[in-house]
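Scroll down for the structure; my scribbles are underneath it.
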Amino acid sequence: MTDAPILRLDAISKSFGTVEALSDVSASIPSGSVVAVVGPNGSGKTTLIRILVGDLAETSGSVAYEGPEADRPIGYLPQNPTFRPGFTAAETLSFYSSLVDGSEPEPLLKRVGLAAAADRNVEALSGGMRQLLGIAQATVGDPPLVVLDEPASGLDPNMSANVFQTAAEMAGAGTTVLLSSHDLTLVEETADSVIVLARGTVAASGTVEELRATFDVDSLRGVLNAVVEDTGQVAVVGGNP
């Protein structure tokens with residue numbers, strides 16, 4: 001991890017009609033790190049991520065990519081990735097690669113632990129394996145920043161841990177990983193820094209150690225509970241933010 005930011009968020013706000021989903025969100029995402037966005041349901045996590053990857057326009061504010069030049073600066077895994085049935089994992093990645101740099105699928109599959117499933121049709125993959133294929137798709141073209149929206153959603157504990165381990169290994173190799181998650185234990189074990197959203201605003205941010213010290217608690221869940229108590233937002237974690 002370096003102090004140089006790869007992404008800057010400046011006073012991001014987003015409204016859907018009369019509903020304000022995000023309000024004055026500012027943050028700096030350091031290069032070569034795992035950054036987690038956490039918060040209760042309805043706190044704006046997915047809305048923020050969709051804005052960061054250009055899938056949704058902000059109402060006001062700005063997002064600035066400040067990383068190295070790349071054919072694909074930002075890779076993205078949506079919360080519920082879908083793949084066309086009838087194609088193998090390798091064929092699926094070959095298709096996405098043909099849109100970017102034409103790279104071979106084998107290294108991508110090996111990176112996420114799916115080398116043995118290269119010839120398996122996507123509809124025959126388990127939920128966890130499809131998530132890993134989604135992460136592989138997000139890394140096509142070696143983007144400097146990979147954004148993962150709830151990458152462990154609906155997975156069993158072992159596969160969830162595997163997904164987070166993959167994210168940590170990517171960061172260790174120099175890729176910045178920004179992810180949202182409601183699995184606070186895995187976030188606590190993996191993330192270099194955390195952004196806590198509540199009611200569409202940044203309620204707190206910093207390393208896990210800094211957040212625990214600030215709120216005088218011994219876990220990230222304690223941090224979130226303290227934030228919820230301060231903001232009055234219902235403490236439901238998980239599902240669609």
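Keep in mind that what you see is a predicted model, and the values were worked out from it rather than measured.
- Within the 4.5 Å cutoff, the side chain of Asp192 has no heavy atoms near those of the Thr207 side chain.
- Going from atom CG of Leu178 over to atom CG of Asp149 covers 9.5 Å, rounded to the nearest 0.5 Å.
- In the hydrophobic cluster analysis, where Ile, Leu, Val, Met, Phe, Trp and Tyr join through side-chain heavy atoms closer than 4.5 angstrom, Ile49 is grouped apart from Val19.
- Inspection of the Arg212 and Ser219 side chains reveals no N or O donor paired with an N or O acceptor under 3.5 Å.
- No side-chain N or O of Asp119 forms a donor-acceptor pair with one of Thr88 less than 3.5 Å apart.
- A donor-acceptor contact closer than 3.5 angstrom is absent between the side chains of Ser13 and Asp24.
- In this structure, Glu123 contributes its side chain and Gly86 its backbone to a donor-acceptor pair below 3.5 Å.
- More than 12 heavy atoms of other shown residues, nucleotides or ligands fall within 6.0 angstrom of atom CD in Glu209.
- A 4.5 Å side-chain heavy-atom check between Phe83 and Tyr96 finds at least one atom pair inside the cut-off.
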| message | Between Thr139 and Arg111, is the side chain to side chain donor-acceptor pair (under 3.5 Å) condition met? List the steps. | response | CA-CA 9 Å; Thr139 66; Arg111 175 186 289 170; 3.1 Å; yes
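- Between the OG atom of Ser28 and the CG atom of Leu7 there is a distance of 8.5 Å, given to the nearest 0.5 Å.
- No single ILVMFWY cluster, assembled from side-chain heavy atoms under 4.5 Å apart, contains both Leu114 and Phe87.
- Taking the side chain as every heavy atom from C-beta outward, Val163 and Leu132 approach each other to under 4.5 Å.
- Donor-acceptor pairing under 3.5 Å is recorded for the side chains of Ser103 and Asp101.
- The shortest distance between side-chain heavy atoms of Phe164 and Val187 falls below 4.5 Å.
- In this structure, the side chain of Ser26 engages the main chain of Ala11 through a donor-acceptor pair within 3.5 Å.
- Here CZ of Arg50 is found 14.5 Å from NZ of Lys45. Values are rounded to the nearest 0.5 Å.
- Between the side chain of Thr201 and the backbone N or O of Ala203 there is no donor-acceptor pair closer than 3.5 Å.
- Glu66 and Arg8 are joined by a salt bridge, as a carboxylate oxygen and a charged side-chain nitrogen come within less than 4.0 angstrom of each other.
- Atom CD of Glu150 is separated from atom OG1 of Thr46 by 6.5 Å, given to the nearest 0.5 angstrom.
- Interatomic distance, Thr47 OG1 to Ile12 CD1, rounded to the nearest 0.5 Å: 12.0 Å.
- One finds the CG atom of Asp10 at 10.5 Å from the CD atom of Glu58 (value rounded to the nearest 0.5 Å).
- A heavy-atom distance below 4.5 Å is not found between the side chains of Val177 and Thr190.
- Side-chain contact between Pro30 and Val35: present, with at least one pair of heavy atoms (C-beta onward) separated by less than 4.5 Å.
- Hydrophobic clustering, with ILVMFWY side chains joined whenever heavy atoms are under 4.5 angstrom apart, groups Met159 together with Val122.
- Under the 3.5 Å distance criterion, the side-chain polar atoms of Ser31 are matched with a main-chain donor or acceptor of Ala4.
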